[in-house]
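Written out below as structure tokens is the structure these notes cover.
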Amino acid sequence: MSLRRLECGFIPLIDSAPLVIARELGFAREEGLDLQLQAQPSWSAVRDKLALGRLDAAHLLAPVPIAMSMGLGGMALALDALSVLSMNGNVVGVSSRLARRMADAGAPGDFRSAAEIGRALIRVCDKPLTVGVPFPFSMHAELLYYWLGALGLKAPQDLIVRTVPPPQMAEAIEAGTIEAFCVGEPWGSVAVARGCAELILPGAAIWNFAPEKVLAVRKGWAEREIEATSGLMRAVWRAARWLGDSANVMTAAEIMSGADYLNLSSEMVERTLQGRLLVNASGEERVTPRFIEFFDGAATFPWRSQAVWIATRLARRNGLDLEEAAAVARGCFRPDLYRTCLDSAGADMPGASEKLEGALDMRSPVASSTGEMYLGPDLFFDGRVFDPIVISV
Amino acid sequence: MTNAETSRLRIAVIEKDRDRAMMIVDGLREAGEYEVSVIGEESGFARRIEDLKPDVVLIDLENPSRDVLEGLALASTPLDRPVAIFVDRSDTQLTRAAIEAGVSAYIVDGLRKERIKPVLDAAIARFGMISRMRKELDATKAALAERKTIDRAKGILMRARGLSEEEAYTLLRRTAMDQGRKIGDVASAIVTAAELLR
């Protein structure tokens, strides 16, 4: 049987694991797919090549398809998010200088208390605070704006969020062009290993369960190529299920750390997958439950409520209509395709495609096709609950 | 109106390879009267862009610093706008040609189409030429590397089986034909195996 070749773009990050595993462990081949993974130099390159058909599918920051479909940045073409590739996985770090000042001001070093740590940061930093993120449309930027905004730091007068390619993050901290960053692993740990930064918070402490990367395609592609789409979705879903089994962490770290992917020590990858990060140069370790999650808690399901959360945050900052943005976002995340394509794989389906975000303070059972689905915790650090139906507030 | 409407267009080319940068600049000079600046440094070029306030920024599609421009384009307000959008949002044809050639262009919003077109045509032609040359160079390098592997495999066969150089090559070629593989692949298998057995 000849395999259907699929060109899939990705950025070499730990959260590209579902695509790498889908290829390396043969989940894609079982679906008749020759999944070609092409490492890309930038998120703009991924987005443009996807939009113009040089790539069939891609590992993409969750806000990018939404922003693009809203007409923000890049070409005016729409993308679909078929499933979520990973939840959480980001870290916030500050320069060693700022870390010392924060410690002197009594900031907790628990890598967890988002409110106290954020207040200490705001108290001691020079204003405006310049923070590096990988891309303007990213959960890194959204989490920062949400976290520091809720604590009273106003953008853009007191907070400047600047785009810095992750491999240059440590250098930018050393050069003093940024004082802090929010970035995906391994780049936070790389900055710590270089001795110029300390990690102060995991993204999960700002929002317990935030969609990070999605599997994206051009709008209309999935419907035209429904067979390849369902094969790809099943392969990636099985890879996520495999990654969700803690017994596989060591193997996953070995595969991901290879020269074709991260080209990094497997120990660093393993630490990230287990949420055991070294937060400073003296090697202090902090353990974060669900630091990065590929499968548990319906991680792969593209909840429309998550898309609406992202869209309304983007719309507010860019002066766009909230209702319109929400409508675009609902069309961009595709739980309908997820249900059609993954039913045969045995994926458990939630009863609804939207939910309250930030309402669960513990793992809780919810209605689903097999009755075995648990969601949560998914709290925001400030305890606010987001209702996708009531967005004008 | 602004500089973009009245005077010579200001174009910034982000390219650290000097020869390549010069080729692009020459191409642009042939196309019209432009004020062209080259930005060579990879990191910290944001400040240069802010100082230059170009109407058009040209950068290799594969340049890892492209996301920085993306951020600058969004941060700019009508008053201090260095770069605004990726090519022309309405012209997918032109965008496609640009991407095929490997160039991305950032253009100040509101710049008239007839002023941009010659710049982009020249950029597409030059970037296309550069990426073809790069591909040819890669192909030459690959061919050289294969040549070396074949020579090493021939040497191994000559020593192990007491063959002449020509006999060793014939054996390699016949094996490749019999197995339906490329001669370079067979050679590299022999080299690998010899290293393992050493």
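Per chain, numbering begins at 1; letters A, B, ... match sequence-line order.
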inquiry  = Is the shortest side-chain heavy-atom distance between A:R54 and B:I99 below 4.5 Å?
reply    = yes
ask   = Which heavy atom of A:P136 sits nearest a heavy atom of B:G71, and at what distance?
value = CG-CA, 3.8 Å
ask   = Which atoms form the tightest heavy-atom contact between A:S44 and B:R66, and what is the distance?
value = CB-NH2, 3.3 Å
note = Applying a strict 4.5 Å limit to non-hydrogen atoms, the region of A:P134 in contact with chain B is backbone
key: B:R47 atom CZ: more than 12 heavy-atom contacts under 6.0 Å   = no
request  = Answer yes or no: does atom CZ of B:R152 have more than 12 heavy-atom neighbours from other residues, nucleotides or ligands under 6.0 Å?
outcome  = no
request  = Can you establish whether the number of heavy atoms outside B:E165 located under 6.0 Å from its atom CD is more than 12?
outcome  = no
message = Is it the case that atom NZ in B:K16 sees more than 12 heavy atoms from other parts of the structure closer than 6.0 Å?
response = no
key: Flag if over 12 foreign heavy atoms under 6.0 Å of CD, B:E195   = yes
message = Testing the basics here: between A:F135 and B:D67, what is the closest heavy-atom pair and its distance to 0.1 Å?
response = CE1-OD1, 3.3 Å
request  = For residues B:N63 and A:S42, determine if any side-chain heavy atom of one lies less than 4.5 Å from a side-chain heavy atom of the other.
outcome  = no
ask   = Mind checking whether A:L52 and B:E100 have side chains closer than 4.5 Å, heavy atoms only?
value = no
request  = Count the heavy atoms belonging to other residues, nucleotides or ligands that lie under 6.0 Å from CD of B:E166, then report whether that count exceeds 12.
outcome  = no
